[in-house]
Number of protein chains: 2
Amino acid sequence: MDERKQRVLQAVVQDYIESAEPVGSRTIARRHDLGVSPATIRNEMADLEMLGYLEHIHTSSGRIPSSKGYRFYVDGLMQPTRLTDEEKTQIDRWYRARVKRIEEVFQETARLISHVTKNVALVLAPQMTKSAFRCLQFLPLDDRRSVAVLMTDAGFIENRIVAMPSGASFEDFQRMARVINDCLAGCTLDAIPKAAYRKIRSEISDEELYEAALDVISRALDDREGRNRLYLGGTREILSQPEFRDVERVKEILLMLEEEELLKEILSAHLGDGLRVTIGQENDYKGIQDCSIVTATYHLDGELLGTIAVLGPTRMEYGKAMSLLGYMNEHLSDVVRRLGWQG
Amino acid sequence: MDERKQRVLQAVVQDYIESAEPVGSRTIARRHDLGVSPATIRNEMADLEMLGYLEHIHTSSGRIPSSKGYRFYVDGLMQPTRLTDEEKTQIDRWYRARVKRIEEVFQETARLISHVTKNVALVLAPQMTKSAFRCLQFLPLDDRRSVAVLMTDAGFIENRIVAMPSGASFEDFQRMARVINDCLAGCTLDAIPKAAYRKIRSEISDEELYEAALDVISRALDDREGRNRLYLGGTREILSQPEFRDVERVKEILLMLEEEELLKEILSAHLGDGLRVTIGQENDYKGIQDCSIVTATYHLDGELLGTIAVLGPTRMEYGKAMSLLGYMNEHLSDVVRRLGWQG
DNA sequence: TGTTAGCACTCAGGGGCGTCGAGTGCTAAC
DNA sequence: GTTAGCACTCGACGCCCCTGAGTGCTAACA
């Protein structure tokens with residue numbers, strides 16, 4: 001593919017991303033200074049179509065890029081946009097104004113990304129269960145209940161009200177906490193060894209108390225990892241995309257966005273790959289083969305925390321999405337650290 | 001208004017709620033057994049229009065109810081639907097499956113209501129600041145930070161990571177907690193008297209430590225009462241309403257739903273009124289004068305907790321919305337109590 | 001006097017049709 | 001290899017007409 005073809009392809013993709021209308025040869029001749037006439041561009045476009053980079057609804061409608069065309073554009077033609085300092089400070093201000101607690105980071109990140117890109121944003125939060133147990137403490141609530149507070153090395157803090165078995169005192173609970181802290185020290189929450197349970201069993205003789213202890217642990221665990229782990233943003237933003245002009249189309253994608261398991265699967269498939277773009281038919285899942293996904297994984301001190309992604313029509317501002325996610329990539333760690341994650 | 005007119009009005013409202021199409025005289029004659037011909041019904045409908053209960057887009061389109069018409073229907077004609085036992089157990093199951101922590105009750109309630117009614121649901125959660133301070137405890141995190149856990153009488157538990165001033169030890173923090181617990185005992189969080197602050201000041205000599213104490217208190221306070229207090233559900237459900245067939249209309253209402261302050265204002269206006277219906281033009285806010293709102297306030301042991309509401313087009317299944325909210329009214333207390341709210 | 005049948009009238013929605021404009025593909029000339 | 005020219009295609013738009021649902025009015029009926 002010679003250079004002129006590439007410039008034509010680039011022109012088509014850029015114009016189509018901007019206008020959402022099929023692009024014709026004259027438009028390109030007018031708006032891009034290629035130094036050749038529409039007729040020549042037409043010839044080039046016909047070639048590009050033969051090569052599979054462009055598509056045609058019918059004769060006499062302009063061209064639109066194919067998945068392959070977008071792919072070539074993203075890999076080679078696109079000039080990477082950089083966030084301006086102003087944009088960066090805006091992002092900073094967003095977090096400072098809205099995020100008060102570590103738990104809110106993920107939802108707000110999703111909101112921010114969707115707001116900037118006008119597409120759906122997905123944030124796969126780190127699994128609490130992947131982080132190491134730090135300590136469990138009890139606080140007295142009243143004579144029959146107390147509050148269990150579980151902390152992990154990653155900085156998660158989880159609280160629960162637990163009923164105390166009749167006859168048990170708050171001191172029993174504190175003793176139980178000491179036992180649990182001893183036995184679970186350093187375990188990651190998703191892989192508590194059987195031995196730890198046996199040890200707890202042997203140290204807590206009272207049956208009811210032992211049950212309560214297990215209850216505390218399991219309830220602390222089963223919370224975050226379920227449906228709370230995926231955060232969505234921008235289901236309203238996409239209404240401004242011309243692709244979603246008719247409500248049926250919107251309903252379709254919203255329905256899909258409700259299937260959390262599916263989304264997690266899609267995101268998990270990209271885990272650990274750094275910044276990655278999946279375009280149109282490259283998607284395995286049929287329902288989004290007219291969409292593209294840009295994913296990035298974010299880290300803290302070298303450890304993988306989770307994935308953030310932008311999901312939108314293939315006609316997406318890839319440069320913008322990628323630079324934003326790229327920045328987030330680095331920036332999220334700072335936010336997380338500032339809010340008390342353990343450094 | 002004689003009985004036949006009422007029966008005609010009822011027929012028009014019911015049919016229109018069901019079909020979302022203007023209702024004609026023949027349709028009514030066919031579908032409702034009024035014992036008179038379409039011509040007679042036409043005459044009655046003309047009268048009802050004169051009286052302001054029905055409206056006309058143009059000659060020769062069927063009638064649709066006016067706000068006044070809906071009002072008459074809701075107040076007198078509508079047969080109140082009751083939730084079946086099956087529906088009740090479904091609601092119960094919903095909560096048991098999805099709500100693990102008290103904080104999730106509100107979001108899930110919004111989801112449930114919107115799911116059942118296919119309209120937007122709003123849940124105004126109780127203000128944490130309205131409940132009384134119970135106690136503040138610290139847990140050690142590492143050598144420079146600790147976790148503050150604040151509990152209120154209503155059962156809210158709030159945790160925060162706070163930095164310890166250099167030189168301060170965890171024991172200092174525990175002492176501080178004792179002072180604060182003494183001074184704030186019984187205060188409601190939105191009305192901490194100046195005297196309490198003075199007392200804390202006098203007991204904590206270290207300047208930095210005092211600042212940290214204030215920080216803990218204020219941070220615990222400013223959290224829940226802000227944007228976290230209103231929960232929304234069903235922004236996707238409304239897409240299935242024919243009123244929102246065109247995207248512009250959807251965008252309009254979604255935009256409005258983002259204005260939390262406005263929504264809170266609207267809901268707050270209904271606080272304490274029990275079950276209440278506001279129809280179309282009865283709404284003060286212009287943007288929703290083609291919508292209706294059904295609100296209900298929920299209580300626990302006689303104390304007002306918050307408001308739940310259904311927002312949808314005037315063509316709404318009032319009976320269903322009202323019976324659902326009515327049931328929630330009673331039921332929410334149970335859920336809340338089960339999850340550890342103080343009884 | 002209330003009810004009904006009949007009839008003229010109205011209006012939205014849908015199909016058919018011609019026009020316009022943007023765009024292509026092909027060919028011949030440069 | 002590039003370009004101008006030209007025939008062709010197709011969607012969008014506006015126009016017209018038809019149809020069907022519905023009304024309002026009037027006159028006849030019980």
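So that the names make sense, note that chain A is the first sequence line, chain B the second, and so on, each numbered from 1. None of the values given here were measured: they were computed from a predicted structure.
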B/Tyr53 and B/Phe72 aromatic ring geometry - parallel, tilted or perpendicular at 30°/60° bounds: perpendicular
CA sep, side-chain torsions, deciding dist, call: B/Val250, A/Leu239, side chain to side chain contact (heavy atoms under 4.5 Å, CB included): CA-CA 8 Å; B/Val250 176; A/Leu239 291 175; 3.7 Å; yes
Polar contact flag, side-chain donor to acceptor under 3.5 angstrom, B/Glu237-B/Asn119: no
Heavy-atom neighbours of B/Gln90 CD exceed 12 at 6.0 Å: yes
Nucleic acid footprint by protein, nucleotides 14-20 of chain C - heavy-atom cut-off 4.0 Å, B for base, S for sugar-phosphate alone: -------
Heavy-atom side-chain proximity of B/Ile238 to B/Ile253 below 4.5 angstrom: yes
Residues touching DNA chain D, which here means a heavy atom under 4.0 Å, drawn from residues 21-36 of chain A: A/Val36
Contact check, side chains of B/Met45 and B/Ser25, non-hydrogen atoms, under 4.5 Å: yes
What donor-acceptor contacts under 3.5 angstrom involve side-chain atoms of residues 75-84 of chain A, with partners at least two apart or in another chain?
| from | atom 1 | to | atom 2 | distance (Å) |
| --- | --- | --- | --- | --- |
| A/Asp75 | OD1 | A/Arg71 | NH1 | 3.1 |
| A/Gln79 | OE1 | A/Gln10 | NE2 | 3.4 |
| A/Thr81 | OG1 | A/Gly319 | O | 3.1 |
| A/Thr81 | OG1 | A/Ser323 | OG | 3.3 |
| A/Thr84 | OG1 | A/Glu87 | N | 3.1 |
| A/Thr84 | OG1 | A/Glu87 | OE1 | 3.3 |

Heavy-atom side-chain proximity of A/Thr235 to B/Arg236 below 4.5 angstrom: yes
For DNA chain D, the residues among residues 60-69 of chain B that have a non-hydrogen atom under 4.0 Å from it: B/Ser60, B/Ser61, B/Gly62, B/Arg63
Under 3.5 Å, sequence neighbours excluded: what are the donor-acceptor pairs made by side chains of residues 26-33 of chain B?
| from | atom 1 | to | atom 2 | distance (Å) |
| --- | --- | --- | --- | --- |
| B/Arg31 | NH2 | B/Glu18 | OE2 | 3.4 |
| B/His32 | NE2 | B/Asp15 | OD1 | 2.8 |

Partner residues of B/Ser292 under the side chain to side chain donor-acceptor pair (under 3.5 Å) criterion, sequence neighbours left out: B/Tyr318
Pairing residues for A/Asp290 by the salt bridge (charged side-chain N to carboxylate O under 4.0 Å, His left out) criterion, not counting sequence neighbours: A/Arg249
Check: B/His56 and B/Ile64 side chains under 4.5 Å, non-hydrogen atoms: no
Salt bridge flag under 4.0 Å for residues B/Arg63 and B/Glu55: no
Return the polar atom pairs (N/O with N/O) between nucleotides 11-14 of chain D and the protein under 3.5 Å, or none.
none

Greater than 12 external heavy atoms within 6.0 Å of B/His115's NE2: no
Contact check, side chains of A/Val123 and A/Leu230, non-hydrogen atoms, under 4.5 Å: no
Of residues 6-14 of chain B, the positions that come close to DNA chain D - non-hydrogen atoms, cut-off under 4.0 Å: none
A/Asp246, CG atom: more than 12 neighbouring heavy atoms under 6.0 Å: yes
Residue B/Glu265 excluded, over 12 heavy atoms near CD under 6.0 Å: no
Pairwise side-chain contact, A/Trp94 with A/Arg111, heavy-atom cut-off 4.5 Å (strictly under): yes
Partner set under side chain to side chain donor-acceptor pair (under 3.5 Å) for B/Lys5, not counting sequence neighbours: B/Glu44, B/Asp47
Check: A/Asn283 and A/Ile293 side chains under 4.5 Å, non-hydrogen atoms: yes
Canonical and wobble pairing (Watson-Crick, G-U, under 3.5 Å) of DNA chain C, dot-bracket with |: ||||||||||||||||||||||||||||||
Residues from residues 37-55 of chain A lying under 4.0 Å of DNA chain C - heavy atoms: A/Arg42, A/Met45
